Number of protein chains: 2
Amino acid sequence: MANLELVINDYLPLRDVVYQTLRNAILKGELKPGERLMEMKLAGKLGVSRTPIREAIRMLEQEGLAITIPRHGAQVAKMTQKDMDDVYEVRRALETLAMKYVSGNMTTEQIADLRYAEKVFEEAVADGDSDKIEQKDTEFHMVIYEATGNMRLGSIMTTISEQLSRYRWAYLLHHKQLKQVIDEHRALVDAIESGDYEKCLKATMDHLNSQEEIIKEVIKANN
Amino acid sequence: MANLELVINDYLPLRDVVYQTLRNAILKGELKPGERLMEMKLAGKLGVSRTPIREAIRMLEQEGLAITIPRHGAQVAKMTQKDMDDVYEVRRALETLAMKYVSGNMTTEQIADLRYAEKVFEEAVADGDSDKIEQKDTEFHMVIYEATGNMRLGSIMTTISEQLSRYRWAYLLHHKQLKQVIDEHRALVDAIESGDYEKCLKATMDHLNSQEEIIKEVIKANN
DNA sequence: TTATTGTATTTTGTATACAAGAAAATACAA
DNA sequence: TTGTATTTTCTTGTATACAAAATACAATAA
């Protein structure tokens, strides 16, 4: 099993720390799909009692990252090719909505923020730290979702994007693809700045399609 | 506080029974927005220990129906007018996606199922049992989501629709509006049967818009 | 060999005990 | 009366104990 370690924060309840720890491990693939989440084992590894472990598992379960069968315990949720297709369809619909909100409606300040987020992402790519790349990519997209002003949309998109990140880590390591991601981000910012909805939509779809393509290959390779 | 009672199911862990009980109470408005969810009180009312209560609260929290502040406990989440607008925007985007899937693609059997679900809904309206009306309305829409074949879409839509049901109960009591809901459902089935995407979209949007209108009034009246 | 039964072990489910933090009540001084 | 300590009470957070179910596995019979 993965090597788990808690980063204690004195004021956060242990259940939240445990939740974040397990969640990270799942999203990064350190806890593998199908792997059992046994309470005592996790409690031993993390040096806490079963109570916070159980509460964290309930949270993961609700989020779709774990599946529990009553009296059999929990395991890391599996993600299939079909799941991925479905998630991407939903994402396309919601990214389209996001573009309806932002095209022609972002303030110059928001666009500046977006450009900045894009630059920070490029720097992360230059650094080569995959954790950071992943994080900065998410942040870039979050700037857009926040600009929509629709909090619900933002939170659903965050969930979706994080669930996808279970697979993104794999391809974010390939430098060639990262160059392409940068180009697509730039194209998207340009489109948003132009204020033209159709342009925005095209840039978004291009970005999603190429990402989906690569992730599918990763999943295929993993089975 | 609401009068809670557990419907024990021998094989379901108590946490799940408690979760469903609390969730229902919140969605029906028996537990009011902002109301505190105190562990001992709930445990006493439901005749269980704090452990399953806590796990149920963690699930509600993850679902957005409860908010917990560390060391202060949990309370029923509040829903504002703005929240409602946001949820409806998301729902519109996803219903549009659903229509893309189903228009022209539903089998005769699926359409028959849909007509049947519609009929059952009408019967529920005739009965006047608001719990049943609510349930049959949800089931009608679920037939469509299931026909898309996209499980993710289905589960997100279910969540959204259930969250909205926190307010639907109020207006489902008014007979005049129910007549309109029936008409809209029929129009939607006809549109789907015609296979014309644009017709489907219009029928869906009409349904959503009129629902949103009424719910907004209910919220306004509640504040 | 294959099923089946019984037993030991593991694991989850639930209750409870105790610690610690937050809120409320009380006491006291200005 | 108002403001501030101080104590008390309430509530959450965490650990642990015990019960009950599931599983693993060996012994037995077909």
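None of the values given here were measured: they were computed from a predicted structure. Here is the naming used below: chain letters follow the sequence lines, and residue numbers restart at 1 for every chain.
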[X] [atom1] to [N] [atom2]: how many Å, rounded?
{"X": "A:R71", "N": "D:dA20", "atom1": "CZ", "atom2": "P", "answer": "11 Å"}
{"X": "B:R50", "N": "D:dT12", "atom1": "CZ", "atom2": "P", "answer": "7 Å"}
{"X": "B:E61", "N": "D:dT12", "atom1": "CD", "atom2": "C1'", "answer": "13 Å"}
{"X": "B:Q75", "N": "D:dT11", "atom1": "CD", "atom2": "P", "answer": "15 Å"}
{"X": "A:R15", "N": "D:dT12", "atom1": "CZ", "atom2": "C1'", "answer": "8 Å"}

Beyond-backbone contact of A:L114 with A:M106, side-chain heavy atoms, under 4.5 angstrom |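 The answer is yes; the side chains approach within 4.5 Å.
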
5'-most to 3'-most nt of DNA chain C touching chain A (<4.0 Å, heavy-atom partner on protein side) reads C:dT11 to C:dA22

Side-chain ([X]) to main-chain ([Y]) donor-acceptor, under 3.5 angstrom:
{"X": "A:N150", "Y": "B:D86", "value": "yes"}
{"X": "B:Q75", "Y": "B:G34", "value": "yes"}
{"X": "A:E35", "Y": "A:I26", "value": "no"}
{"X": "B:Q211", "Y": "B:V181", "value": "no"}
{"X": "B:R36", "Y": "B:H72", "value": "yes"}

Taking 4.0 angstrom as the limit, do A:D83 and A:K78 come out as a salt bridge?
->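 Looking at A:K78 together with A:D83, the answer is no, because their closest N to O distance does not fall below 4.0 Å.
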
Read 5' to 3' with Watson-Crick or G-U pairs under 3.5 Å, [ ] for crossing pairs and | for partners on another strand, DNA chain C gives ||||||||||||||||||||||||||||||

Derivation of the side-chain contact (heavy atoms from CB on, under 4.5 Å) call for B:I144 and B:M99 = CA-CA 9 Å; B:I144 297 176; B:M99 287 305 129; 4.0 Å; yes

Check the pair A:M59 / A:R15 against side-chain contact (heavy atoms from CB on, under 4.5 Å), numbers first and verdict last.
-> CA-CA 9 Å; A:M59 294 194 262; A:R15 61 159 181 274; 4.0 Å; yes

Parallel, tilted or perpendicular for A:H185 and A:F140, by the 30°/60° rule?
-> parallel

Take A:T51 and B:G73, find for each the nucleotide of DNA chain D with the closest heavy atom, and name the residue whose nucleotide sits nearer the 5' end.
-> B:G73

Taking for each residue the nucleotide of DNA chain D with the nearest heavy atom, is it A:P70 or B:R58 whose nucleotide lies nearer the 5' end?
->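 Looking at DNA chain D, the more 5' nearest nucleotide goes with B:R58.
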
Could I get a table of every N or O pair under 3.5 Å where one atom is in the protein and the other is in nucleotides 7-9 of chain D?
none

Can you tell me how far CZ of A:R50 sits from CD of A:E39, rounded to the nearest 0.5 angstrom?
->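 It is 4.5 Å, given to the nearest 0.5 Å.
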
